[in-house]
Amino acid sequence: MNDDDWPYETTFYGDADGEPADFLPAFDFAPEPPPSDEAVAQALHDVFGFSSLRGVQDQVVARVLAGQSTLAIMPTGAGKSLTYQLPAVLLGGTCVVVSPLIALMHDQLRSARANGIRAAALTSADADRAQTMDAFRAGELDLLYVAPERASQSYFRDLLSTARIALFAIDEAHCVSEWGHDFRPDYRLLRPLLDAFPQVPRLALTATADNHTRADILAQLGIPNEGLIVAGFDRPNIRYTIRPRDNAMRQLKAVVDENPGPGIIYAPTRARVEQLATSLATATGRRVLPYHAGLDADVRARNQAAFVASEDMVMVATVAFGMGIDKPDVRFVAHAGIPKSIEGYYQETGRAGRDGDPSVAVMFWGADDFARARQRLSEIEPHRLQSERQRLDALAGLVETAACRRAVLLRHFGEDPPQACGNCDNCLDPAGVIDVTELARKLLSAVYRTGQSYGLGHLEKVLGGEADDRVLQRGHDKLSVFGLLTEEERPLLKALARALQARGSLTPTEHGGLALGGDARLILKGEASVQIVVPPKPAPKRRGGRDDSANPVGDPLFEALRELRRTLAQEAGVPPYVVFHDSTLREMAAARPTTLDQLGRIGGVGTRKLDAYGDAFLAAIRNAG
Ligand code: ADP
Ligand code: MG
């Protein structure tokens, strides 16, 4: 991000070398008494249109209002923004929000402003920086968004000492830690700024942080250990499904066809992204655009903007796409291959359903994904090898399990979930598990006896007793494993090979053959067993696509409200969800309010939106009869 064009032209206290001027007036505001519970509830309702705080939001908000520094670990969609936006509205002074990406800041700005919150951003993409600084000095801002690069400059520190600061909110706080996956050195430079305002509480927010990273964030940002608040990782509205990949195009097309809302498909490479985007657009008739780091910056920005504004678009992307996306109504996230780790999977799938509505996460995995990933292990520095291998093993455990997917995920994050969630493929259509240790021993010894250089096709012929030219030429019909395969075993061979590759007992050779690896010898000696999961038969296709969404699709009033939302959003130049979320329209369609007062009681309708859109929506409801 280019954020180095600080507007030197504007006058404010502070010298041009960037040293803080010590003649600056040191504002020393007496702490305010925290607002009452009634005042909090009132602001929550009037500004945000919400009837109550959710999950750990109340704990976090209470600490912030009491002036205590806090690190809140809350999953995506839990409502982290509210934990600083609500105090920003209630407290005197400005809440300074440090955020890593301009796109994120602008998304937040739009939503905050739509609720009537006085918010501005200081980034290289904002032409109104001088005005913003004036407004800040005049105490007219509730929220000031800034990137870490700018926040750590001493000019900015000087600017901040000219008015009252209510709170420092550090969003995506894992960026401060080298242990995290998105380390941003500029986050490390925030500490002097925070320390320059010791009386101002700090609120660090992130969705993902293992124990190591948490401790690091606390230390780096000077937050006391007792300030740590951790919400559960569960995303109950996301339905997880994980399937072997047999025909990626057909499988992905089915996902797109079944899910009419916006969706993201993650693909492993740029070439694959391009190819899938093109073929899926043709095959599904949906708007499908690509996103990867190899595209021009303006194409990327355009595709991202189109996605954010859309109610039905599909984005095919590499993992380069995601962090800047706060789109709440993403209905599905599909993986065309394995993610890097369970952490990555959780984060990527977490982009679905921030609004709390039903959403799906579908992964299609192949043995070759694991083979490639295990091959890459050989390029890793020795001290990281162990942990990288564990990452892959954990991922293999997730895809190969016949147990509840959610339970596996949550246990990975140190939670103690129930045995079954009722909302993943394995809970909904229980898979069978069969012990195939004997078959595994046959396959592994066939691999061994043929010299560890043949692919599955050849091995299957040898085991199946098919003496074709190549088998005869190599003398493989003379081996003890020739013809060992029974008719019942034959259909399991492919799934077994996939499972053995996922767990590393079979590894690919350079020329597409298979060799022994991992615990293969233990299996051969009968000291380790092998189970595979047999997926249930695919359910008969429901015609016209499945609609698992909570929306009363086809209800003329709901559709009319969506249409109105589209028009209003277009006029205001914002994505539809900024006007109202689906859940708000759903409630309207069901309750059919006839007065502004009734409309104001619907979730998501605050005072500002009631003023701006109330009459239009009431009219639409009236017209629908
Ligand atoms: P996060 O940053 O934790 O991923 P957001 O702050 O973007 O989540 O909020 C996710 C969604 O939840 C937003 O659409 C927001 O309007 C909604 N939300 C937040 N808090 C509440 C609440 N108390 N009641 C209802 N909806 C809420
Ligand atoms: Mg957020």
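In this chain, numbering begins with 1 at the start of the sequence shown. Each ligand, and each atom within it, is numbered from 1 in the order the structure gives.
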Exercise for the section: Please indicate whether any nitrogen or oxygen in Thr76 is less than 3.5 Å from any nitrogen or oxygen in ligand 1. Expected result: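 No; every N/O pair is 3.5 Å or more apart.
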
Handout entry: Geometric N/O contact Asp355 with ligand 1, under 3.5 angstrom
Key =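 No, there is no polar N/O contact under 3.5 Å.
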
Practice task
Determine whether any heavy atom of Met74 lies closer than 4.0 Å to an atom of ligand 1.
Solution key: no

Practice task
May I ask whether Pro75 places a heavy atom under 4.0 Å from ligand 1?
Solution key: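 Yes, Pro75 has heavy atoms under 4.0 Å from ligand 1.
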
Practice task
Among Thr213, Thr206, Asp216, find the residue that satisfies the side-chain hydrogen bond (donor to acceptor under 3.5 Å, both in side chains) test when tested with Ser177.
Solution key: Asp216

Nearest neighbour of [atom] from the list [options], on a heavy-atom basis:
atom: atom 23 (N) of ligand 1; options: Ser52, Ala231, Gly77, Gly79; value: Ser52
atom: atom 17 (C) of ligand 1; options: Arg351, His581, Arg354, Arg54; value: Arg54
atom: atom 21 (C) of ligand 1; options: Tyr84, Phe50, Tyr577; value: Phe50

Please answer whether the main-chain N or O of [Y] pairs with a side-chain N or O of [X] as donor and acceptor at a distance below 3.5 Å.
X: Arg406; Y: Arg235; value: yes
X: Asn115; Y: Phe48; value: no
X: Arg405; Y: Leu398; value: yes

Practice task
Could you walk me through whether Ser81 and Gln108 pass side chain to side chain donor-acceptor pair (under 3.5 Å), step by step?
Solution key: CA-CA 8 Å; Ser81 325; Gln108 295 262 328; 3.1 Å; yes

Under 4.0 Å from a heavy atom of [X]: which atoms of ligand 1 are those, numbered in the order shown and with their elements?
X: Ala78; answer: 3 (O)
X: Ser81; answer: 2 (O), 5 (P), 6 (O), 7 (O)
X: Gln57; answer: 19 (C), 20 (N), 21 (C), 22 (C), 23 (N)

Practice task
Classify the angle between the aromatic ring planes of Tyr240 and Tyr345 as parallel (below 30°), tilted (30 to 60°) or perpendicular (above 60°).
Solution key: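 Tyr240 vs Tyr345 ring planes: tilted.
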
Practice task
For this output row, return yes or no: ring centroids of Phe307 and Phe321 closer than 6.0 angstrom.
Solution key: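 Between Phe321 and Phe307, which both carry aromatic rings, the centre distance is below 6.0 Å.
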
